[in-house]
Each structure stands twice: as structure tokens, then as C-alpha cells.
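Right, I'll just put the structure down here and ask away after.
Each chain gets a letter, A, B and so on, in the order the sequences are listed, and its residues count up from 1. All values derive from a computational prediction rather than experimental measurement.
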Amino acid sequence: MTLDSKIPEGKLEDKWSNYQLNSQLINPANKKKLNIIVVGSGLAGAGAASTLAELGYDVQCFCYQDSARRAHSVAAQGGINAAKNYQHDGDSVYRMFYDTLKGGDFRSREANTYRLAQLSAPLIDHFVQQGVPFAREYGGTLVNRSFGGVQVQRTFYARGQTGQQLLLAAYSQLYKMVRAKKVKMYPRHEMLDLVVIEGKAKGIITRDLVTGELKRFAADAVVLATGGYSRVFRLSTLAVGCNGSAIWKAHKKGAFFAAPSFTQIHPTALPQTSEAQSKLTLMSESLRNDGRIWVPKQKGDPRKANDIPEEDRDYYLERRYPSFGNLAPRDIASRAAKERIDAGYGCGKLNNAVYLDFKTAIDKLGLETIKDRYGNLFSMYQKITGIDAYKEPMQISPAAHFSMGGLWVDYELMTSIPGLYAIGECNFSDHGANRLGANSLLQASIDGYFILPNTINNYLASEMKVDRPDTSHPEFEKSELETSQHIDKLLAINGSKTVGHFHRVLGKVMWQECAMSRNRSGLEKAIVQIKAIRDQFWSDVKITGGKDELNTELEKALRLADFIELGILMCMDALEREESCGAHFREEFQTEDGEAVRKDQNFSYVSAWEFEKGNFKLHKEELFFEFVKPSIRSYK
Amino acid sequence: MKIKFKIWRQEGPEDKGAIKEYTVNDLTEEMSFLEALDHLNEQLVLKNEEVIAFEHDCREGICGQCGVFINGRAHGPINNITTCQLHMRSFNDGDTIFVEPWRAKSFPVIKDLIVDRSAFDRIIEHGAFISTNTGSAPEANALPIPKAVAESAMDAASCIGCGACVATCKNSSAALFTSAKINHLNNLPQGKAEEHKRVEEMTAQMDIEGFGSCTFTGACEVECPENISIVNIAEMHARLMKAKILG
Ligand SMILES: Cc1cc2nc3c(=O)[nH]c(=O)nc-3n(C[C@H](O)[C@H](O)[C@H](O)COP(=O)(O)OP(=O)(O)OC[C@H]3O[C@@H](n4cnc5c(N)ncnc54)[C@H](O)[C@@H]3O)c2cc1C
Ligand code: FES
């Protein structure tokens with residue numbers, strides 16, 4: 001099978017309008033007859049479900065939480081980018097496109113990335129109209145700030161709760177359509193399998209998390225919007241329930257998985273303090289606008305941060321990357337922190353952190369300004385750590401944060417299974433090997449609101465002629481039976497170790513070998529270790545409670561079983577890519593001063609893996625740079 | 001730390017439910033309260049017992065999914081935080097901690113500490129939106145909004161929908177939740193076109209769901225993780241009067 005990215009003809013700036021001109025339309029009366037399943041109701045899913053319903057489609061939408069309002073988009077703090085050039089600082093669609101492509105280290109498609117930048121401005125209009133209370137100037141216009149990896153101010157925000165405000169707007173729009181009976185919402189339903197009939201996606205199997213009942217749903221197309229899978233590391237900035245199960249099941253049914261190992265490690269999370277810790281809280285990157293990052297110059301300096309004088313502090317980002325300083329992109333900032341911590345300069349109780357200091361900013365701008373900008377982040381920091389960061393520096397540390405990888409999709413956001421789409425964080429599309437801050441709320445929203453509703457008709461127009469299968473179709477029978485056997489098998493093991501135990505072990509291996517810095521022997525070892533974890537899990541896990549009831553242990557076990565398999569593929573992908581690019585840093589490929597060495601002649605492609613009964617076959621989608629010449633990324 | 005937990009166990013909506021006692025010896029001060037429950041649950045699994053069902057997701061105080069009564073207070077002993085933000089350092093070695101689900105007629109118990117809060121979603125369905133379809137928005141800066149207006153909308157909009165306000169209210173009123181949403185949207189120029197209809201429909205739905213009336217005890221604002229003020233409720237009442245006269 002060859003991968004056709006379906007990039008439209010024409011100049012970069014005309015591709016999207018050319019696409020729309022040539023794509024098929026469906027008249028409103030016929031849309032009513034078509035049913036679309038949307039799995040996930042985060043920004044991507046809620047945006048898609050509500051917009052598709054507004055257009056006239058019949059929509060069924062699913063999420064595992066008790067309400068769509070809780071999807072993990074809610075946790076995004078910092079902001080959302082758009083090329084509005086409101087700050088008159090030289091921003092443009094082209095500059096945003098270029099920043100994104102370069103930020104991703106030239107491992108994404110030009111056409112997709114350009115479209116992301118192109119649709120960013122109307123998205124801000126949309127959200128303002130939906131009532132998002134973005135930050136404003138005294139004169140009433142919108143405010144912007146900077147994020148890592150760029151030199152203009154194009155980030156829009158609502159205090160430190162941007163994701164919450166965008167999600168609540170999407171959720172409101174969704175429930176407006178629920179009330180209009182155009183969307184049927186199924187909360188507390190987890191997708192456990194995809195149903196493929198004659199090569200096309202036609203439905204899903206879900207588990208009702210309250211009763212345990214397995215249910216079948218049929219549709220003319222299926223959209224996955226299930227978010228990121230960084231919980232494969234266990235400790236991450238994601239919500240505890242975030243999972244890779246829906247996309248993993250789709251992968252096993254034939255959808256290619258692209259760049260699975262491209263994971264963003266965020267430089268500014270709170271450090272781990274104990275073994276029992278269940279999650280790492282993010283401190284927004286926006287803090288790097290005014291905070292300065294440093295470690296003591298002396299190893300294991302016993303003094304308190306405030307007692308260490310200027311001359312004994314190493315502001316290592318400012319030192320190594322003078323032109324971007326504390327706003328260097330995430331992958332670079334995380335690796336630089338790891339380098340200092342590993343070299344013995346880490347601070348905090350476990351020597352696993354670096355300082356993020358606001359003293360200079362407070363002296364310069366005044367306490368009130370800093371409070372106005374970051375008040376809720378400082379109070380959140382205090383709630384968790386008990387430390388007042390207005391008085392002493394925060395302690396921060398890198399944490400797994402975002403999956404650039406995900407299901408392979410073409411320009412229409414369709415996966416390699418016809419009729420199956422992947423939108424938002426669960427696809428691999430625009431961010432390449434590293435995502436720029438504040439670009440993923442954007443991507444999730446644009447995928448859901450603007451792109452998918454314009455591309456899905458191109459497929460559905462031909463499906464009009466085909467009858468929607470009934471849920472009594474043998475493929476539904478088979479999928480449900482397999483799912484139920486999978487559950488029975490798990491419950492029957494009745495071993496001696498908890499699900500949590502296996503997740504901790506998996507997380508350690510993944511964090512050690514497949515996170516910020518990777519090498520051949522480590523990855524090879526990790527694959528062996530994860531296979532052993534898989535075998536132990538399937539012979540020794542213990543789950544109490546039954547399948548026909550609300551059973552949180554069973555939910556965790558089902559998700560972990562998929563994470564274990566995904567972990568193996570992530571390591572294989574990292575092993576195969578013998579270069580360093582973006583967040584993927586292979587120790588064998590670095591310059592003398594520790595910068596990444598990209599190998600464009602051999603690796604300028606998107607890796608797209610086919611499941612092949614667990615043998616994982618690699619397909620390559622070559623990347624063509626027609627408009628931009630890939631350069632060496634330098635933030636010095 | 002050694003803690004004696006007294007936790008509400010209830011198999012399902014029909015079950016009567018009862019408090020059960022569990023002692024855990026090896027907790028640490030750094031653990032969050034939910035991590036302590038995780039730890040207890042792992043011990044239960046190893047003893048072949050069913051785990052305690054509780055809700056949580058983001059574990060950073062923003063999704064609103066967590067929320068239980070701890071020693072008789074919604075979200076525990078500290079004002080204005082979520083259950084997931086509570087840490088064991090707030091307790092002493094040897095303490096006994098009572099853990100119960102939200103108690104309100106409109107929030108029926110599903111299992112153990114999990115309740116059904118879908119009534120909130122139905123209040124939202126009844127007008128907590130601006131009826132503009134995707135694709136038809138005007139240019140964002142075409143309509144300047146004074147900073148103070150945007151800020152006050154944001155204060156109200158920050159509600160995480162956890163339900164602590166209802167659970168802590170002796171009347172099980174949803175007035176703080178509903179008023180916060182109304183004031184968020186009605187404060188903004190974009191929300192004006194539907195302001196009267198919104199207040200009327202949302203408050204009516206609040207009654208249909210069986211939430212009680214607000215008698216201004218102020219108990220809710222003490223527990224609200226987002227510090228949403230009861231001034232919102234007074235404002236909602238004023239808006240409702242106005243809507244009835246003008247609407
Ligand atoms: C702490 C944090 C801060 C961030 N800050 C920013 C920021 O400032 N700016 C920015 O641009 N980006 C930020 N990001 C990234 C951004 O928030 C996410 O990439 C984006 O919100 C993802 O949206 P989504 O709709 O794809 O997924 P989500 O919002 O995660 O939604 C996933 C949905 O899928 C459902 N689901 C999942 N699995 C299943 C299943 N098996 N069955 C049924 N339903 C399922 C869930 O219930 C949920 O409804 C941040 C991320 C984190 C973790
Ligand atoms: S778990 Fe999200 S608010 Fe507590």
C-alpha cells in the first residue's frame with residue numbers, strides 16, 4: 001500500500017481553497033440521513049460534533065468522563081496561537097507557518113502546516129463570538145503574549161485557564177446541539193474496538209462504564225478525537241484517564257500509526273516527589289516569558305536559592321541560546337535541564353529540579369503586574385508545594401506532555417482506513433518532531449471546527465449510495481465477542497500484582513529509554529523489557545470486581561494492556577530513526593556541544609507503521625519541501 | 001503516616017450503603033489525598049477486595065471530576081480547593097478521616113463515592129451558549145470589550161462544575177453554578193441577544209432538576225475551588241426580575 005497524502009495542487013496559500021473548490025458537497029436533506037460517530041469530546045471532538053450537527057448530520061458522540069466538559073483540553077493553561085498580527089510585530093500567516101515547520105524540525109508536511117496557520121485567525125473570531133473571555137487591553141482589544149520558539153507575540157489567552165475556556169465554549173456549543181436532538185451524547189462510554197466492514201470504518205464497540213455492558217454503534221463514518229497517549233510514561237501532565245486505546249484498536253484494525261515515538265517532554269512541570277505520585281502538574285510555559293531559569297554553578301550547592309548570589313548562578317538557557325534565552329523551544333529547554341540535572345547541578349529535595357525565578361521580573365515590572373499575569377499559576381504552585389513563588393524561585397522539572405505521533409492521516413484527516421478520521425492530538429499531522437507551545441489547542445480546534453466538516457463530505461458523498469450496516473452484521477458480532485473475551489481473559493488471570501504496579505514498571509522503562517534522550521542499546525533493551533512486562537502482566541495481574549459493573553480497576557487494566565503494546569512500537573520507531581530531530585534526540589547523532597544532528601538525506605519522511613499481526617511493518621511517506629528549504633534549527 | 005479511613009461504600013443506586021473502616025499505615029505527607037486512596041485501593045486488590053470507586057481525572061484542580069466530603073466538608077478541610085489538590089500534609093499521623101459522596105437529591109449516588117451530576121449538563125443545555133454557528137463569527141477585534149467586563153466574565157466563567165456548591169448547601173441549591181454561567185455570558189456583548197431567555201430557561205431547568213432554593217448562607221463560596229462569589233447569585237436574581245419584566 002502506498003501512502004497518498006492527497007496534497008492539493010497549487011501555491012501554498014491556495015491549496016486549501018483549491019481543495020474546497022474541488023471537493024464534493026452533500027445537500028442538507030441528504031446530510032440528515034448520514035450518521036457520524038465522534039469518539040471524544042475534547043476541543044477536537046466537541047468542535048467536530050457540534051459543527052457536523054449544525055451542518056445537518058446525525059451525530060453520536062462519546063467520552064469516558066461523566067461530561068464532555070472534563071476532557072483534558074480543560075487543563076491547557078498557556079494559550080492559543082493565531083497569526084492576527086494584532087501586536088504589529090511583523091507576524092503573518094507565512095511566519096507562523098515557518099515557525100511551526102521549523103519548530104517541528106522539518107518533519108511535517110508544508111501544506112498541512114500552512115493550513116494550520118491560515119485558519120488560526122478565523123478561529124479566534126469564532127471563540128470570541130462563542131463568549132470566550134480572552135485577556136483584553138484597557139481599550140478593549142485582545143492581548144497577546146509570546147511562547148517558546150517564536151519571536152513575535154501571537155498567543156491569545158484567558159488567564160492561566162485558556163484550555164478550560166475554549167473547551168467550555170465547545171462544550172456549550174455541543175450541548176446546544178444535544179438539546180436540539182442533533183447530537184446524541186454518550187458520556188461514561190469507552191470505545192474498546194473499531195468495526196471495519198469491507199475495508200471501511202462502520203462502527204465501534206463501547207463499554208458502558210456504569211453497567212459494564214458492551215454496546216454496538218453503527219455509522220457511515222467514524223471520527224477519533226481521543227487525545228494524547230503520554231500516560232504510557234505513567235507520570236505525565238495528562239489526566240489519569242487519558243489513554244491510547246481507541247487509536248491502538250484502530251491501529252490493530254489496519255490504521256497506520258505515524259511517528260509513535262515523537263513525544264514532547266515539557267520543561268516546566270513540577271518535579272516528582274514520591275513513588276506514589278500519580279501525575280506531574282504542569283506550570284505553564286508562559287511563565288518563561290518573565291521567569292529566568294537557572295541552577296547553582298556549584299554542584300550540590302547546599303544554600304537556599306535566595307542565598308545564592310548572582311555570580312554563583314548559571315542561567316544556562318541564556319548562556320547557551322542567547323537569542324531565544326529562556327524562550328528556547330521545549331525540546332531544547334527540556335534537554336538542557338536534563339543535562340544540568342544529570343551532571344549533578346539539580347536542586348530540590350531529590351536534586352531533580354531547576355529554578356524558575358521571577359525576582360528580576362518583579363523588580364522590573366512590579367509585583368502587581370506579575371500577579372495579574374500569572375496569579376492563578378502562582379496560587380496553584382502554592383497549593384501543591386506549599387511554597388510562595390513571589391518570594392522564592394519555583395522548582396521545575398521536565399515531564400512527558402504531548403504526543404506529536406498518532407494515527408497517520410492525509411490532508412483530509414482520514415486515516416489509512418477509509419471512513420476513519422483522526423483529529424486533534426490523536427493524529428500525526430502538523431507538529432512534526434516537536435510541537436510549538438500554544439499550537440495544539442489550535443490544531444485540535446481547527447481540525448474539529450474547520451477542516452473535518454469540510455473534508456468528510458468528500459468521502460460521505462460516495463457512501464450515500466451504500467446502506468449503513470446494521471449492528472447485527474457479523475463484523476459487529478465478531479468485534480463484540482473479541483472484546484468480551486479480552487475482558488474475560490484479563491479478569492481470569494487473578495495473579496498477585498496490581499495494575500498500578502505494572503504501569504509503574506512500564507513508565508520507568510519508557511522514561512529511562514524512550515523520553516528526552518535515546519540510544520540504540522537502551523532502546524533494544526527496552527523492547528525486551530517491555531515484552532517481559534507484557535508477559536508478566538498477562539500472567540500475574542490481579543483485578544478485583546466483575547465486568548458487569550462499574551469497575552475502575554478493569555478500566556485501568558484495559559488501558560494499560562494497550563499502552564504496553566504501544567510502548568513496544570514507540571521504542572521500535574525511536575530505534576529505527578537514526579538521526580536526531582526535534583524532540584527525538586538520539587545520543588549517537590549530536591554535535592560536539594550536544595546539539596541535534598538531523599539527517600535529511602535518509603530520514604526526511606514520516607514513519608507510518610502497519611500493525612501486521614504485531615510484526616510492525618514500516619511505510620515511509622517522503623516529505624517534499626517545495627516552498628521552504630529545511631535549515632538547521634538554531635536558537636543560538 | 002497511619003490513617004484510619006471511614007469510607008462510604010454503596011454498591012449501586014438501590015443499595016442502602018454504609019460506612020466501612022480501613023486502616024492504612026504507610027502513607028506519607030507528600031501524597032495527595034487521592035494518592036492515598038489509590039494506595040488504599042492497591043492494598044484492597046491484594047486482599048482480594050473490590051476497590052473503592054471514586055472520580056478523578058486531571059488531578060490538578062481544573063476538570064471538576066473529583067469531589068468528595070472529607071470530615072464533613074466538601075473537598076476537605078481547606079477552603080477553596082478541589083479534592084485532588086488536598087495533600088496528606090493537611091492531616092496528622094493517627095487521624096481518622098471520614099469520606100462520603102456528595103449528598104444531594106439531584107446528584108444520585110452511582111457507586112461508593114461516585115454521583116451522577118448530569119443535571120448540570122442539562123442546565124447548560126438550556127441556554128448556556130451563544131447561538132452562532134461555526135463559520136459565521138465577525139472579526140474578533142471589531143467589538144472591543146472593556147478589560148473590566150472581560151475580567152468579570154472570566155471570574156464567573158472559571159467554574160469547574162465540580163458540584164461542591166450544591167453538596168455543601170443545606171438546600172442543595174445549584175444557584176452558584178447556574179448564576180456563574182449566566183453572568184459569564186450575559187456580561188459579554190456577544191451574550192446580550194439571548195440574555196433574558198437564557199436566565200429564564202436556565203433557572204427554570206434548575207428547578208426542574210430538583211435543586212433547592214438559595215437562602216444566602218454563603219456556604220458555597222467557601223468551598224468553591226474557583227472562589228466564585230455569591231454576588232453572582234444576587235445578580236442572577238436581578239437579571240431574572242428584569243427578564244420577567246422585559247423578556
Ligand atoms: C497540562 C497541559 C497543558 C497544555 N497547555 C496547552 C497550551 O497552553 N496550549 C496549547 O495549545 N496546548 C496545550 N496543551 C495541549 C492541548 O491541551 C491538547 O493537545 C489538546 O487539548 C488535545 O485536545 P483533543 O481534543 O485532541 O483531546 P482531549 O481534550 O484530551 O479529549 C479527548 C477526548 O477523548 C475521549 N476519549 C479518550 N479515550 C477514549 C476512549 N477510549 N473512548 C471514548 N472516549 C475517549 C475523552 O473522554 C475526551 O473527551 C496542554 C496539554 C496539557 C496536558
Ligand atoms: S481531578 Fe480534576 S479537578 Fe480534581
Side-chain angles (χ1 to χ4, degrees), chain A residues 50-51 54 65-67 69-70 72 74-75 84 86 122 124-126 128-131 133-142 158-159 161 164-165 168 171-173 175-176 178-179 210 239-241 273-274 276-279 281 380 383-384 386 449 453 498 500 542-545 550 552-553, chain B residues 28 30-32 34-35 38-39 42 44-46 48-51 53 55-65 81 85 89 110-111 114 116-118 120-121 124-126 128-134 137-141 144-147 150 153-154 157-158 160-161 184-185 188 190-191:
Chain A
S50 57
T51 305
E54 287 170 4
Q65 293 95 345
D66 71 331
S67 162
R69 68 178 298 146
R70 318 219 190 267
H72 202 50
V74 81
K84 282 277 198 189
Y86 282 162
I124 298 303
D125 302 340
H126 172 78
V128 167
Q129 178 58 27
Q130 295 294 333
F134 283 120
R136 302 255 167 189
E137 304 285 2
Y138 284 101
T141 53
L142 291 154
R159 290 204 190 133
Q161 287 160 257
Q164 181 204 26
Q165 292 310 310
L168 291 183
Y171 153 77
S172 299
Q173 210 181 336
Y175 280 67
K176 175 184 84 182
V178 169
R179 187 178 172 207
V210 176
V240 173
T273 53
S274 83
Q277 196 146 335
S278 55
K279 104 146 241 168
T281 301
M380 176 162 133
K383 278 178 191 173
I384 297 170
Y449 280 114
T498 61
K542 185 173 178 69
I543 303 159
T544 51
L550 190 155
T552 50
E553 281 300 297
Chain B
T28 64
E30 286 89 34
M31 281 182 178
S32 72
L34 294 184
E35 284 160 4
D38 289 339
H39 190 71
E42 290 207 48
L44 291 181
V45 170
L46 295 175
N48 209 17
E49 286 180 42
E50 265 200 49
V51 296
E55 296 228 79
H56 60 94
D57 204 28
C58 74
R59 298 215 177 180
E60 57 177 274
I62 192 73
C63 74
Q65 181 113 355
I81 65 166
Q85 289 173 321
R89 60 174 177 267
I110 295 176
K111 185 173 184 176
I114 299 183
D116 178 356
R117 283 169 294 192
S118 56
F120 270 8
D121 289 331
I124 296 295
E125 272 173 34
H126 283 77
F129 44 74
I130 292 166
S131 301
T132 313
N133 285 357
T134 301
E139 151 60 42
N141 259 351
I145 302 177
K147 185 175 160 78
M154 180 63 215
S158 63
I160 61 172
H184 158 212
L185 294 173
L188 294 170
Q190 288 84 358

Problem - Distance, nearest 0.5 Å, that separates NE2 of A:His126 from OG1 of B:Thr132 - result: 8.5 Å
Handout entry: Residue A:Tyr171 versus chain B: region with a heavy atom under 4.5 Å
Key = side chain
Fill in the blank from the handout: Per-residue tally against chain B (heavy atom, under 4.5 Å) across A:Val210, A:Thr141, A:Thr273 peaks at A:Thr141
Handout entry: Polar side-chain atom of B:His184 near backbone of A:Pro133 as donor-acceptor pair, under 3.5 Å
Key = no
Practice task
Name the member of A:Arg70, A:His72, A:Gln129 that forms the most heavy-atom pairs with chain B at distances under 4.5 Å.
Solution key: A:Arg70
Problem - From CD1 (A:Ile384) to CD1 (B:Ile81), nearest 0.5 Å - result: 10.5 Å
Exercise for the section: Output the option from A:Ile543, A:Val178, A:Leu168, A:Val128 having the highest count of non-hydrogen pairs under 4.5 Å with chain B. Expected result: A:Val128
Handout entry: B:Asn141 side chain vs A:Leu142 backbone, donor-acceptor pair below 3.5 Å
Key = yes
Exercise for the section: Tell me, out of B:Glu30, B:Arg117, B:His56, who's got the most heavy-atom pairs with chain A below 4.5 Å. Expected result: B:Arg117
Exercise for the section: For chain A, find which of B:Ile124, B:Ile130, B:Ile62, B:Asp57 contributes the most heavy-atom pairs closer than 4.5 angstrom. Expected result: B:Asp57
Handout entry: Region of B:His126 in contact with chain A, defined by heavy-atom distances below 4.5 Å
Key = both
Completion exercise
Most contact-rich option vs chain A, by heavy-atom pairs under 4.5 angstrom, among B:Leu185, B:Leu188, B:Asn133, B:Asp116, is B:Asn133
Problem - Under 4.5 Å from a heavy atom of chain B, the part of A:Gln277 involved - result: both
Exercise for the section: Could you tell me which of B:Ser131, B:Pro138, B:Ser32, B:Ser118 has the largest number of non-hydrogen atom pairs under 4.5 Å with chain A? Expected result: B:Pro138
Handout entry: From OG1 (B:Thr28) to CZ (B:Arg89), nearest 0.5 Å
Key = 10.5 Å
Exercise for the section: With sequence neighbours left out, write down each residue that passes side chain to side chain contact (heavy atoms under 4.5 Å, CB included) with B:Glu50, or none if nothing qualifies. Expected result: A:Glu549, B:Arg9, B:Lys111
Exercise for the section: Let me know if B:Leu34 has heavy atoms under 4.5 Å from chain A in its side chain, its backbone, both or neither. Expected result: neither
Problem - Partner residues of B:Asp38 under the salt bridge (charged side-chain N to carboxylate O under 4.0 Å, His left out) criterion, sequence neighbours left out - result: B:Arg59
Exercise for the section: Indicate whether the side chain of A:Tyr449 and that of A:Gln173 have a donor and an acceptor atom separated by less than 3.5 Å. Expected result: yes
Problem - Over all atoms of both residues, closest heavy-atom pair of B:Ser158 and A:Gln164 - result: O-NE2, 2.9 Å
Problem - Donor-acceptor contact below 3.5 Å, side chain A:Thr544 vs main chain B:Val45 - result: no
Problem - Among the listed options A:Met380, A:Glu137, A:Gln161, the residue most often paired with chain B at heavy-atom distances under 4.5 Å - result: A:Gln161
Practice task
Report yes or no: do B:Glu35 and A:Ser274 form a side-chain donor-acceptor pair below 3.5 Å?
Solution key: no
Completion exercise
From the list A:Gln65, A:Glu553, A:Lys542, the residue making the most non-hydrogen contacts under 4.5 Å with chain B is A:Lys542
Problem - Under 4.5 Å from a heavy atom of chain A, the part of B:Pro146 involved - result: backbone
Exercise for the section: Name the option with the most non-hydrogen atom pairs under 4.5 Å to chain A; the candidates are B:Met31, B:Glu42, B:Glu49. Expected result: B:Glu42
Handout entry: Residue among B:Ala150, B:Ala153, B:Gly161, B:Gly191 with most heavy-atom pairs under 4.5 Å to chain A
Key = B:Gly161
Exercise for the section: Against chain A, label B:Ile145 side chain, backbone, both or neither, depending on which of its atoms sit under 4.5 Å from a heavy atom there. Expected result: both
Problem - Residue B:Glu55 versus chain A: region with a heavy atom under 4.5 Å - result: side chain
